[in-house]
Every structure is written in C-alpha cells, then in structure tokens.
Amino acid sequence: MSTTIEVVCFKYKPLKNNEFSLRIRITKDRKTKYISLGVSVAPQYWDFDRNQPTLDCPDREYLEKLIANKLCECKGKVVELKSENREFTATTLKEQISKPVKAVTVGELFEQIIRELQDERRTGYATSVEQVYRSLLKFNKHLSVYFSDIDHLWLKRYELWLRRQGRAENTIGVRFRTLRMVFNQAIERGYAKMEQYPFKSYKVGKLHAETPKRAISKTEVKAVMDFPCEGRDFYTRFAIDLFSFSYLMGGINFADMANLTRQNIVDGRLVYRRQKTGKLLNLPIHSRAMEIIESYASGNIYLFPIYSKEHKTIQQKLNRHHKVITKVNRALAEIGRELKIPIKLTTYVARHSYATVLKRAGVPTSIISESLGHSSERVTQIYLDSFENERMNEAMQHLI
C-alpha cells in the first residue's frame with residue numbers, strides 16, 4: 001500500500017498556551033504515526049483547509065521552511081527504503097526518522113576504529129587506517145569536524161591535496177576507500193545520516209590505476225623454490241622458504257605467516273584466521289610445506305622465526321615485521337634477478353602466482369577466492385586481471 005506523509009496541526013490536544021502542536025503524520029497500511037516538529041501555532045494563524053500557516057502568521061516563513069525540510073526528509077527516507085527493497089511500517093519509519101544522530105567527530109570515530117582493530121589483533125589493517133587518519137590530519141589541520149561537514153567539495157579538495165603531495169593513483173584510492181569505510185561505520189553506528197553520504201556523487205572507483213603484473217609462471221615458481229642456497233646467508237634460505245610456504249599454502253601473506261603457531265596445525269591442516277578480514281581458513285598442509293615448518297622447529301612459540309616471546313606489544317611486532325619483511329623481500333629481489341625473472345620478486349608475488357596457477361589449471365574463481373580468504377570474488381578477480389589480459393591478447397592473435 002502507498003505511504004502518505006503530510007503535516008497536520010494537532011487541534012485535538014491544545015497546549016497550555018492554547019496553541020496547537022505541528023506534527024508530521026505518517027500513514028501506511030491503515031496505521032498512523034506522528035512525529036512532532038517541536039513547534040506550535042495559534043489556531044488563528046493556521047489554515048486548516050490548506051494545511052499551512054496563514055498569510056498573516058508571524059512565523060510563516062520559518063514554519064514553511066521547517067515543514068518543507070521535514071517532509072523532504074521523511075519522503076527521502078521512504079524512497080531510500082524502497083530503492084533497497086526494505087519493508088517498513090509506519091512505526092519503523094518513524095523510528096528511523098526520529099532516531100537522533102550522536103555527536104561524534106570524524107577524528108573520534110577514526111580513533112575508535114583503530115583501537116577496535118588493534119584489540120582484534122588486526123594490526124596491519126589498524127596501521128593502514130591510522131595512515132589515513134594522519135593524512136587527513138595533515139590535510140585538514142584537525143578532525144574535530146562532523147561527518148555532515150564531509151561533502152563532495154571537501155572530498156575533491158582532499159583528492160587535489162593528495163595529488164599535490166605526489167601520491168600515486170592507487171595510494172589515493174586506498175585513502176578514499178578507507179575514508180568511505182569509516183563514513184559507512186558512522187552511518188551504521190548512528191553518528192551520521194544516509195542523506196549526508198557524499199560517496200553517492202563522489203565515485204571512489206575512478207581512483208584506480210592498472211597495477212603491474214605480480215604473478216609468475218609455474219616454471220618460474222619452481223625455479224625459486226629450488227634455488228640453491230648453499231653458501232648463502234640465512235635470509236636467502238628464509239626468503240625461499242617463506243615464498244614456497246605461501247605458494248603451497250593458499251597464498252598466505254607475510255603477516256599471517258608471522259603469527260602462526262603450533263596451535264594453528266590441527267589434524268594435518270592449517271587452521272588460521274586472516275588478520276586483514278578475520279576470515280577463518282582451513283587448508284590441507286602440503287608435504288613440502290610441512291618440511292619447511294619442521295626445519296624451523298625450536299622452542300619458539302611461532303612456526304617461523306619472525307616474532308618471539310620478546311615481541312609483546314603491537315609496536316614491537318610492527319617494528320619486527322618491517323625489519324624482517326624488508327630483508328626477505330631484498331633477498332627475493334636478488335634471487336629474481338639471478339633467475340632473470342621479469343618482475344620484482346616479493347612475498348606477495350607468491351600469493352598472486354598461487355591464484356594465477358590455479359586459474360590456469362581451470363580451478364573456479366570461487367574456490368580460489370575461498371582459499372585466499374578474500375571478502376568477495378571481485379577482489380580475487382583483481383589478482384587474476386593480468387592473466388585474463390594475457391588470454392585476451394592470445395585470442396586476438398587469431399583474428400587475422
């Protein structure tokens with residue numbers, strides 16, 4: 001049934017000053033609810049036939065503007081609910097419109113989300129959000145602003161500022177996707193209203209540059225895994241082992257490998273929760289991957305010598321993470337040069353290569369996505385784009 005929204009002068013219950021309160025009347029499915037406008041009017045200044053203030057009403061201009069704004073808000077909420085195919089009643093519509101927005105600043109919510117991520121031990125994501133927080137502080141000088149202050153123009157100014165800072169296109173994209181996530185959280189937590197959402201007009205999707213190929217062939221992967229490391233330093237062997245383990249174990253990333261302990265091995269399977277997404281993964285342990293694990297068996301609670309019991313605080317872990325991954329990737333880059341691999345070798349190449357090799361073997365994207373622990377297949381497709389482009393290039397060769 002249709003929804004009727006109109007203003008009424010509630011003459012059935014006069015106030016102590018003998019004026020009548022103005023209310024918005026919502027009617028749906030023969031049920032009626034009222035939302036008070038917080039103002040009243042003397043009966044001689046209200047046209048009950050036309051349902052509007054009289055021409056000689058002292059506050060006519062103010063009342064007309066107040067009524068128009070509230071009617072627009074109510075009707076806008078109806079359009080929003082219908083566009084999302086969400087059912088509603090007169091009662092629930094009133095609740096959503098009347099729900100007060102809590103006064104929380106942009107800076108306060110950023111700090112709240114960072115603390116929550118740290119408590120959940122999602123340190124990598126927490127660091128990423130904190131980078132955006134600090135970037136916004138530099139741009140705006142302070143974040144004691146409300147989400148209603150962030151509009152299309154504000155976002156455009158931030159984008160131009162980032163470009164003047166010399167930030168890469170994908171870096172700018174990450175900044176805005178994080179800011180959009182925080183704004184979505186503000187709406188979900190009742191700190192902002194949907195009609196204030198600036199990302200309806202400001203499209204974050206445009207902030208994307210084609211990323212260089214980060215996957216190598218199965219033959220090249222084997223060459224890395226079998227690279228001779230006799231006479232080499234510890235980090236050459238360690239880099240090969242981490243690259244191999246990642247490739248063999250579902251493309252597990254460095255942050256998750258660093259946090260693995262014996263408790264993550266259950267009945268010959270690797271069971272762990274991704275730090276970035278919180279998704280639980282359960283994978284069979286490849287025999288060569290188990291050999292790598294056993295080669296580092298020691299009194300350390302972790303499977304790999306990245307962290308130790310000495311690294312207790314988040315900052316200590318972040319410092320150690322940065323130190324080790326820098327040395328590992330430096331060693332991998334040197335191995336890649338010696339093997340004449342056309343792209344710079346890093347631990348992340350193992351993850352992309354895992355996905356691409358499976359795709360070449362005909363494994364459905366949905367299964368690859370599940371094993372990578374992605375939040376959606378769309379994210380997995382980004383990993384596979386270079387592979388799809390190669391297939392397209394090959395196909396085009398048959399045109400003439």
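The structure displayed is predicted, hence computed values, not measured ones.
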Determine, step by step, whether T105 and Y191 satisfy the side chain to side chain donor-acceptor pair (under 3.5 Å) criterion, reporting the C-alpha distance in whole Å, the side-chain angles of both residues, the deciding distance to 0.1 Å, and the verdict.
CA-CA 8 Å; T105 66; Y191 304 151; over 6 Å; no

How far apart are the C-alpha atoms of T346 and R351, what are their side-chain angles, what is the distance that settles it, and do they pass the side chain to side chain donor-acceptor pair (under 3.5 Å) test?
CA-CA 10 Å; T346 67; R351 184 169 171 82; over 6 Å; no

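Heavy-atom neighbours of R134 CZ from other residues, nucleotides or ligands within 6.0 Å: at or below the threshold of 12. Atom NZ of K65 has 12 or fewer heavy atoms from other residues, nucleotides or ligands within 6.0 Å. Under a cut-off of 6.0 angstrom, the local environment of NZ in K70 is crowded, with over 12 non-hydrogen atoms contributed by other residues, nucleotides or ligands. Few gaps surround CG on D56; more than 12 heavy atoms of other groups in view lie less than 6.0 Å from it.
Counting only distance, with no hydrogens or angles, the side chain of D59 and the backbone of Y62 share no donor-acceptor pair below 3.5 Å. N264 contributes a side-chain N or O that, together with a main-chain N or O of V271, makes up a donor-acceptor pair within less than 3.5 Å. Side-chain N or O atoms of S246 include one that pairs as donor or acceptor with a backbone N or O of I252 at under 3.5 Å. The main-chain N or O of S353 is never found under 3.5 Å from a side-chain atom of T356 such that the two would form a donor-acceptor pair. Side chain of N259 to main chain of A255: a donor-acceptor pair is present (N/O by atom type, distance under 3.5 Å, no hydrogens or angles). With hydrogens and angles disregarded, no donor-acceptor distance shorter than 3.5 Å links the side chain of T171 to the backbone of R167.
The line from CD1 of I67 to CG of L22 is 5.5 Å long, rounded to the nearest 0.5 Å. Note that CD of Q196 is 9.0 Å distant from CG of D149, once rounded to the nearest 0.5 Å.
Taking the salt bridge (Lys or Arg N to Asp or Glu O under 4.0 Å) definition, one finds that E19 meets it with nothing, sequence neighbours left out.
Ring pair F176/Y158: centre-to-centre distance below 6.0 Å. Taking the ring centroids of F10 and F20, they lie at or beyond the 6.0 Å cut-off.
Using cut-offs of 30° and 60° for the angle between ring planes, the F304 and Y296 rings count as perpendicular.
Between the side chains of D233 and T236, at least one donor-acceptor pair of N or O atoms lies under 3.5 Å.
Hydrophobic clustering (side-chain heavy atoms under 4.5 Å, transitive across Ile, Leu, Val, Met, Phe, Trp, Tyr) groups Y197 together with W154. Residue V8 is not grouped with residue V78 when hydrophobic side chains (ILVMFWY) are merged at heavy-atom distances under 4.5 angstrom, including chains of intermediate members.
The closest side-chain heavy-atom distance from L37 to V7 is below 4.5 Å. A heavy-atom distance below 4.5 Å is found between the side chains of W161 and K138. A 4.5 Å side-chain heavy-atom check between R189 and Q112 finds at least one atom pair inside the cut-off. Side-chain contact check for V324 versus F254: some heavy-atom pair is nearer than 4.5 Å. Proximity of I306 to F238: side-chain heavy atoms (C-beta onward) are separated by under 4.5 Å at one or more points. Residues I114 and T127 form no side-chain contact, since every pair of their non-hydrogen atoms from C-beta on lies 4.5 Å or further apart.
Shown here for S36 and R23, the closest heavy-atom pair between the two residues is CA-CG, 4.2 Å.
F48 carries K11 over the face of its six-membered ring, with the cationic atom under 6.0 Å from the centre and within 45° of the normal.
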